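Reading through the structure tokens given below for one structure.
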Amino acid sequence: MADLVGIRARFDDYEAFKQALGMLKDARMRRYEAFGPTNLEEIENLMPDKGSLVRVWATGGGFTGLVTFWILCIATALIYGLIVGGKPPISNVPYIIPAYEGTILLGSVAAFIMGLFYARLRPQELPPDYDPRFSGDSYGIVIWCEHSERERVVRQMNEAGAVEVNELE
Amino acid sequence: MTTKEMRKIDEQVLGSLGRPSLGYLAVLGLCGFLIVAGLIAYAIQYFVGMGVCGLSIPVGWGTYITNFVWWIGIAHAGTLISAILFLFRTSWRNRINRAAEAMTIFAIMTAGMFPLIHLGRVWVFYWVLPYPNWRYLWPNFKSPLVWDVIAVSTYFTVSTLFFYLGLIPDIATARDQTPKGPRQTLYKYMALGWTGRYEQWRHFARTYLCLACLVTPLVISVHSVVSWDFAMSVVRGWHTTIFAPYFVAGAIHSGLATVLILLIPLRKKLRLEELFSRFALEQIALLMIFTGSIMGYSYLVEAFMGWYSADKFERQLSMFRAFGSPEYSWLFWLMIIFNVLVPMTFFFKSLRRSLVWLMVASIMVDLGMWIERFVIIVPSLAHDYLPSSWAVYAPRPVEIAITGFSFGFFLMLYLIFVKVLPSVPMSEAKEDVLAKVEAV
């Protein structure tokens with residue numbers, strides 16, 4: 001990234017922000033980041049990366065919970081396999097309840113942990129390209145481009161309606 | 001236009017986290033008093049024994065179990081508003097879901113104490129947990145009481161994760177707009193480096209959706225499992241298939257009433273009238289007509305099943321509850337008035353728009369739902385198969401003080417929450433602003 005230049009544009013208007021992202025997409029830029037105080041899922045088709053594997057992990061976690069809790073019920077019944085009144089120690093119908101709760105428990109825990117992991121959320125210092133106004137009332141785009149593209153990118157951001165465009169140190 | 005409105009939302013919500021008023025401190029003091037009184041009562045019960053309660057044979061389950069079921073029920077409306085209405089894309093829940101979710105978590109914490117208090121020998125509570133031990137004894141996973149432990153602890157864990165996840169973007173806003181100090185340090189760690197980057201929103205939104213999808217069946221299952229604590233036993237008035245939906249509807253009914261009880265003073269005292277709109281309160285009142293109707297239907301079906309079963313014990317219990325007991329029958333009719341007739345007043349627009357009536361009616365519904373739990377639990381045990389063992393149960397001072405403790409504990413947690421964390425989901429409120437601009 002040493003020979004790339006970082007440009008940060010700030011927008012007050014959400015439509016202008018989306019328009020600027022559209023311009024970057026049309027210009028086939030690959031290295032840009034969007035910031036905002038509201039859910040940005042809607043701009044997915046304007047961004048280079050899409051989707052999330054969190055739901056796969058949630059499904060995997062849920063399945064693990066189902067199997068684990070069911071096995072727990074069966075295994076613990078067999079450890080003390082006392083037959084009372086002719087009934088077998090294992091009784092699958094009531095085990096549906098712990099297995100069901102286990103599915104939800106491990107599915108949720110897996111989704112939560114992997115969500116934090118993919119979003120790279122952990123106690124940490126804020127990155128230098130971040131502007132605190134992005135969590136308040138402004139939207140932002142940070143673009144990493146060649147020196148030769150710098151002027152064009154700045155012009156595009158201004159044309160789209162950026163209220164502030166500056167170069168990152 | 002949008003910037004100005006977004007800034008206003010931040011100012012209103014973060015402004016509510018300021019210095020507490022004298023009234024706030026007075027209520028906190030009252031909570032402290034209730035907590036201390038409850039702790040003293042519990043100490044008496046701990047050292048003297050369960051005999052200080054009104055519990056005896058045949059009424060082994062009384063006020064503590066009533067409180068447990070009632071508090072678990074209170075928790076349900078929070079999940080309904082935050083998860084179920086989220087899946088239905090109901091926009092009016094956007095500004096009140098945080099307050100409702102917090103209520104859920106604190107209500108589960110309060111509820112979770114009651115089985116331990118009721119246990120008597122609380123020091124061996126861990127016997128119900130599945131852990132390897134030298135006796136080769138494990139919990140009986142066929143038992144509804146073990147299901148209950150698993151269901152309630154799962155509910156608490158998942159609700160807490162869901163609550164915290166939703167808080168992260170708002171804590172980041174608070175972090176960026178709070179001056180340096182201990183409060184900002186707390187926000188800094190809790191925000192986990194959130195910057196509102198698209199990458200973060202992308203995974204956040206999917207995770208939030210996954211958790212909402214998972215917590216929705218959970219909320220239905222938890223109160224179903226609680227109802228099976230009763231329905232699985234061969235006790236008249238308990239052993240019925242209607243219990244699971246009946247309990248879930250009742251839980252949501254009481255939870256919605258509690259949301260109103262908390263939101264109405266909160267919006268005034270924290271100056272959040274614009275964010276906690278009257279429209280949202282009105283929608284909750286409309287939902288209560290629906291849940292109140294289910295309650296009315298359930299009461300009718302329960303009585304019908306008692307008669308239609310042709311079981312003499314069932315029939316006599318139905319008659320006993322409604323007419324035959326000077327101790328309990330008035331509670332039965334009060335329950336019907338509070339839970340079914342009072343919410344029907346919300347059919348009148350003027351009444352459901354009156355904050356005073358919403359508050360009064362919600363208090364009546366909550367009281368009615370507590371009475372309902374009591375009427376289900378106690379008279380069924382007090383009037384069992386053997387006339388020779390019939391008895392009358394009434395809560396003793398220790399039980400009343402511990403019940404007061406639960407209110408103090410819940411309210412204290414809630415008061416601390418509204419002064420420490422943003423009680424309105426700011427990012428979702430800002431989405432409303434954007435949606436409004438787009439619609440124009």
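Small disclaimer: the values here were computed from a predicted structure and weren't measured. Side-chain atoms are counted along with the backbone in the values below, which use heavy atoms only and exclude waters and symmetry mates. In what follows, every chain begins at residue 1, and chains take the letters A, B, ... in the order their sequences are listed.
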Next item on the list: Assess whether side-chain contact (heavy atoms from CB on, under 4.5 Å) is satisfied between Leu126(A) and Arg175(B), documenting all intermediate values.
Entry: CA-CA 11 Å; Leu126(A) 295 172; Arg175(B) 172 200 65 200; 3.4 Å; yes

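- Ile168(B) touches chain A through its side chain: at least one heavy atom from C-beta onward sits under 4.5 Å away, while N, CA, C and O do not.
- Ranked by heavy-atom pairs under 4.5 Å with chain A, the first of Val158(B), Val146(B), Leu161(B) is Leu161(B).
- Rounding to the nearest 0.5 Å places CD of Glu431(B) at 9.0 Å from CD of Glu42(A).
- The part of Tyr164(B) that comes within reach of chain A is its side chain, from C-beta onward, which places non-hydrogen atoms under 4.5 angstrom from that chain.
- We find the CD1-OG1 distance between Ile104(A) and Thr157(B) to be 12.0 Å, quoted to the nearest 0.5 Å.
- For Glu44(A), the parts lying under 4.5 angstrom from a heavy atom of chain B are both the backbone and the side chain.
- For the set Gly115(A), Ala34(A), Pro123(A), the count of heavy-atom pairs under 4.5 angstrom toward chain B peaks at Ala34(A).
- Contacts between Pro217(B) and chain A at a heavy-atom distance below 4.5 Å involve backbone atoms as well as side-chain atoms.
- In the model, Ser135(A) has a side-chain atom that pairs as donor or acceptor with a side-chain atom of Asp176(B) under 3.5 Å.
- Put simply, the side chain of Lys142(B) never gets that close to the backbone of Ile90(A): no donor and acceptor are under 3.5 Å apart.
- Chain B forms the most heavy-atom pairs under 4.5 Å with one residue out of Phe117(A), Tyr139(A), Phe134(A), Trp57(A), and that residue is Tyr139(A).
- Within a 6.0 Å radius of CZ in Arg183(B), more than 12 heavy atoms belonging to other residues, nucleotides or ligands are found.
- Here the closest heavy-atom approach between residue Asp10(B) and residue Gly136(A) is recorded as OD2-CA, 3.4 Å.
- Note that CD1 of Ile150(B) is 10.0 Å distant from CG of Leu105(A), once rounded to the nearest 0.5 Å.
- Atom CH2 of Trp194(B) and atom OH of Tyr130(A) lie 10.0 Å apart (nearest 0.5 Å).
- If you measure heavy-atom distances from Pro48(A) to chain B, you find no contacts under 4.5 Å at all.
- Rounding to the nearest 0.5 angstrom, the gap separating the OG1 atom in Thr38(A) from the CH2 atom in Trp201(B) is 6.5 Å.
- For the options Asn39(A), Asp12(A), Ile79(A), heavy-atom pairs under 4.5 Å to chain B are most numerous at Asn39(A).
- The two atoms that bring Lys50(A) and Tyr198(B) nearest to each other are CA-OH, 4.0 Å, heavy atoms only.
- A salt bridge links Arg197(B) to Asp129(A): one of the charged nitrogens lies within less than 4.0 Å of a carboxylate oxygen.
- Listed here is the closest heavy atom pair of Thr154(B) and Glu101(A): CG2-O, 3.7 Å.
- For the set Ser108(A), Ala58(A), Cys73(A), Gly107(A), the entry with the most heavy-atom pairs within less than 4.5 Å of chain B is Ser108(A).
- The two residues Tyr14(A) and Leu434(B) make their nearest non-hydrogen contact at CB-CD2, 3.6 Å.
- Between chain A and the residues Leu209(B), Leu214(B), Val222(B), Leu192(B), the most heavy-atom pairs under 4.5 angstrom are made by Leu192(B).
- A side chain to side chain contact (heavy atoms under 4.5 Å, CB included) with Tyr118(A) holds for exactly one of His203(B), Glu199(B), Arg202(B), Gln200(B); it is His203(B).
- Both the backbone and the side chain of Leu218(B) come within less than 4.5 Å of a heavy atom of chain A.
- Atom CD of Glu125(A) has 12 or fewer neighbouring heavy atoms from other residues, nucleotides or ligands inside a 6.0 Å radius.
- Between Cys210(B) and Val54(A) the shortest heavy-atom distance is SG-CG1, 4.2 Å.
- Interface summary for chain A: among Ser143(B), Ala205(B), Ala191(B), the most heavy-atom pairs under 4.5 angstrom belong to Ala205(B).
- Only the side chain of Gln177(B) comes within less than 4.5 Å of a heavy atom of chain A; its backbone N, CA, C and O stay farther away.
- With a threshold of 4.5 angstrom between heavy atoms, Arg55(A) approaches chain B through its backbone and through its side chain.
- Thr195(B) and Pro127(A) get closest at one heavy-atom pair: CG2-CD, 3.7 Å.
- Per-residue heavy-atom pair counts under 4.5 Å with chain B were compared for Gln124(A), Glu41(A), Arg122(A), and the maximum is reached by Arg122(A).
- For Leu72(A), the parts lying near chain B are the backbone and the side chain together; criterion is any non-hydrogen pair under 4.5 Å.
- Contact annotation for Val109(A): both backbone and side-chain heavy atoms come within less than 4.5 Å of a heavy atom of chain B.
- Neither the backbone nor the side chain of Pro169(B) comes within contact range of chain A; no heavy atom of the residue lies under 4.5 Å from a heavy atom of that chain.
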Notebook entry, point to check: Please walk me through it: do Val225(B) and Ile97(A) pass side-chain contact (heavy atoms from CB on, under 4.5 Å)?
Noted result: CA-CA 8 Å; Val225(B) 167; Ile97(A) 311 295; 3.8 Å; yes

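- Interface remark: Leu211(B) contributes side-chain atoms only to the contact with chain A (heavy atom separation under 4.5 Å).
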